J.: 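There's a structure below that I have some questions on.
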Amino acid sequence: MNQPLAGFAPAPVTARMENHGDHMLKVALQTGNDLFARVGSMVAYEGFIQYEPNPPAVRQIARDWATGEGAPLMKCSGDGLLYLADYGADVVVINLDEDAISVNATNLLAFDAHLTWGVERVKGLAKFAGQGMWNTRISGQGWVALTSRGKPIVVDCGSGEDETYVDPDALVAWSPDLKVKGKRSFTAQSLIGRGSGEAYQMAFSGRGIVVVQPSEDSTDRLRVRG
C-alpha cells in the first residue's frame, strides 16, 4: 500500500516555508518563531503546536477594521511541521528581504509573526471608490504565504511610463511602492470583469510587481470604510 503513495510523502525540510505540491503550505515551526495563519487553514501538523485564535496583536489592529477587510487570524507557536491550505487554492510563498508587499486579505494565508503588518488605505483610489480600498501591508525580513485561485501570473511593471491594468477581482498582491489609480471603462463593461455596472480597473505604474490570479474572487475588493 505504501508503494503507490510514496510520491505524496512529505519531503525533507529545506526552508521555513515551502510548498508541498501546488495547494499546500509546509511551515517548520520553532519555539520563539511564531506564525500568524488564517483561521481554519490548518490541515495537519506534527510535533507540539499550539493555536491561539484572535490573539492580542490581531485584536489591536482589528479595532481599525470597520469593514471586515482584515483576515481572521490565529497565532501558531511551538515546535513541529505545520501544513496549511485554503480550499485547494494554489499557494505562493514569498521571502521578504527588508521589503514589503500589499496583499488582499482574502489571499493572505500565513506570515511570520515578527514581520511588521497592518491594514492601510490604498493611496490613489479615494475618488475611485468612495473612501478607497483597504489592504494588508506586510514588511520586514521573513516569510509570507499567499493563495491564488489558479496558477497566478507575476507582472513586472518595470519603471517606465506605461501602466499595467488589472481587474480588482483578480488582484492578489502588489509592491506597495507602485503608484495606483482607478480607471472606469464604460465601453468595455461587458468584456472586463463580471460586466455588471461600470467596469473598473486598477492601473499600476513605477517599479515593482503585481500578482494576478486567473479567477475573479467573489469578495468585493473595493471596501468603503464608514
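All values derive from a computational prediction rather than experimental measurement.
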J.: When rounded to the nearest 0.5 angstrom, what is the spacing between CD in Gln213 and CG in Asn107?
T.: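 Spacing of CD (Gln213) from CG (Asn107) equals 5.0 Å.
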J.: In this structure, would Val91 and Val39 fall into the same cluster of hydrophobic residues linked by side-chain contacts under 4.5 Å?
T.: yes
J.: Mind jotting down which residue pairs meet the salt bridge (charged side-chain N to carboxylate O under 4.0 Å, His left out) criterion with at least one end in residues 5-21? Sequence neighbours excluded, please.
T.: Arg16-Asp112, Glu18-Lys26
J.: Among residues at least two apart in sequence or on other chains, which ones pass side-chain contact (heavy atoms from CB on, under 4.5 Å) with Asn95?
T.: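 side-chain contact (heavy atoms from CB on, under 4.5 Å) check on Asn95 returns Trp143.
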J.: Which salt bridge (charged side-chain N to carboxylate O under 4.0 Å, His left out) pairs, counting each pair once, include a residue from residues 92-110, with sequence neighbours left out?
T.: none
J.: Between Lys179 and Glu163 (salt bridge meaning N to carboxylate O under 4.0 Å), is one present in this structure?
T.: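 Looking at Lys179 and Glu163, the cut-off is not met.
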J.: How many angstroms lie between atom OG of Ser139 and atom CG of Leu96, to the nearest 0.5 angstrom?
T.: 8.0 Å
J.: Using atom types as modelled and distance alone, determine if a side-chain donor or acceptor of Ser175 lies under 3.5 Å from a backbone N or O of Ile209.
T.: yes
J.: Measure across Pro152 and Val211 and return the closest heavy-atom pair with its distance rounded to 0.1 Å.
T.: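 For Pro152 versus Val211, the nearest heavy atoms are CB-CG1, 4.0 Å.
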J.: What residues, two or more places apart in sequence or in another chain, satisfy side-chain contact (heavy atoms from CB on, under 4.5 Å) together with Asp90?
T.: Asp22, His23, Ser148, Lys151
J.: Side-chain contact test, heavy atoms from C-beta onward, threshold under 4.5 Å: evaluate it for Val166 versus Gln201 and give yes or no.
T.: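 No, every pair of side-chain atoms sits at 4.5 Å or beyond.
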J.: Treat each ILVMFWY residue as a node, draw an edge where side-chain heavy atoms are under 4.5 Å apart, and state whether Ile153 and Leu178 are in one component.
T.: yes
J.: Taking the side chain as every heavy atom from C-beta outward, state whether Val93 and Asn19 have any atom pair closer than 4.5 Å.
T.: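 Side chain of Val93 against side chain of Asn19, heavy atoms only: contact under 4.5 Å found.
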J.: Membership question, hydrophobic clusters at under 4.5 Å side-chain separation (ILVMFWY): are Leu25 and Val144 in the same one?
T.: no
J.: With clusters defined by side-chain heavy atoms of hydrophobic residues (ILVMFWY) lying less than 4.5 Å apart, directly or transitively, does Leu109 cluster with Trp117?
T.: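 No; tracing contacts between hydrophobic side chains, which count when under 4.5 Å, never links both residues.
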J.: Is there a side-chain contact between Met74 and Phe36 (heavy atoms, below 4.5 Å)?
T.: no
J.: Following the transitive rule for hydrophobic clusters with a side-chain heavy-atom cut-off under 4.5 Å over Ile, Leu, Val, Met, Phe, Trp and Tyr, establish whether Val92 and Met17 coincide in one cluster.
T.: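 No: no chain of side-chain contacts under 4.5 Å links Val92 to Met17.
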J.: For Ile101 and Ala173, work out which heavy atoms get closest and say how close.
T.: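 Closest heavy-atom pair between Ile101 and Ala173: CD1-CB, 3.8 Å.
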J.: Return the SG to CG distance between Cys76 and Leu35, rounded to the nearest 0.5 Å.
T.: 5.0 Å
J.: Please round to the nearest 0.5 Å and tell me the distance separating atom SG of Cys157 and atom CH2 of Trp174.
T.: 11.5 Å
J.: Specify the closest pair of heavy atoms between Gly142 and Leu115, including all atoms of both residues, with the distance to one decimal.
T.: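 For Gly142 versus Leu115, the nearest heavy atoms are N-CD2, 3.7 Å.
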J.: With the side chain counted from C-beta on, respond yes when Leu146 and Ile94 share a heavy-atom pair under 4.5 Å apart, and no when they do not.
T.: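 Sidechains of Ile94 and Leu146: in contact.
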J.: Report the distance from atom CE of Met202 to atom CG of Leu171, rounding to the nearest 0.5 Å.
T.: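 Here the interatomic distance stands at 5.5 Å.
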J.: Who pairs with Ser102 by side chain to side chain donor-acceptor pair (under 3.5 Å), at least two apart in sequence or on another chain?
T.: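 For Ser102 the side chain to side chain donor-acceptor pair (under 3.5 Å) partners, ignoring immediate neighbours, are Asn135.
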J.: Please report the C-alpha distance between Val212 and Asp167 in whole Å, then the side-chain angles of each, then the deciding distance to 0.1 Å, and finally whether the side chain to side chain contact (heavy atoms under 4.5 Å, CB included) criterion is met.
T.: CA-CA 9 Å; Val212 183; Asp167 183 333; over 6 Å; no
J.: Quick check for you: to the nearest 0.5 Å, what is the distance between Phe111 atom CZ and His114 atom NE2?
T.: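 Phe111 atom CZ to His114 atom NE2 measures 10.5 Å (nearest 0.5 Å).
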J.: Say whether, by atom type as modelled, one donor and one acceptor occur between the side chain of Asn104 and the main chain of Thr106 under 3.5 angstrom.
T.: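 Pair absent, no side-chain N/O of Asn104 close to backbone of Thr106.
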J.: What's the shortest heavy-atom distance between Ala28 and Ala15, and which atoms?
T.: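 It is CB-O, 4.1 Å.
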J.: Would you please name every residue forming a ring pair (Phe, Tyr, Trp, His ring centres under 6.0 Å) with Tyr165, sequence neighbours left out?
T.: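 Partners of Tyr165 under the ring pair (Phe, Tyr, Trp, His ring centres under 6.0 Å) test: none.
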J.: Please table the atom pairs, donor to acceptor, closer than 3.5 Å between any side-chain atom in residues 78-87 and protein atoms at least two apart or in another chain.
T.:
{"from": "Asp79", "atom 1": "OD1", "to": "Thr31", "atom 2": "N", "distance (Å)": "3.2"}
{"from": "Asp79", "atom 1": "OD2", "to": "Thr31", "atom 2": "OG1", "distance (Å)": "2.4"}
{"from": "Asp86", "atom 1": "OD2", "to": "Arg149", "atom 2": "NH2", "distance (Å)": "3.2"}

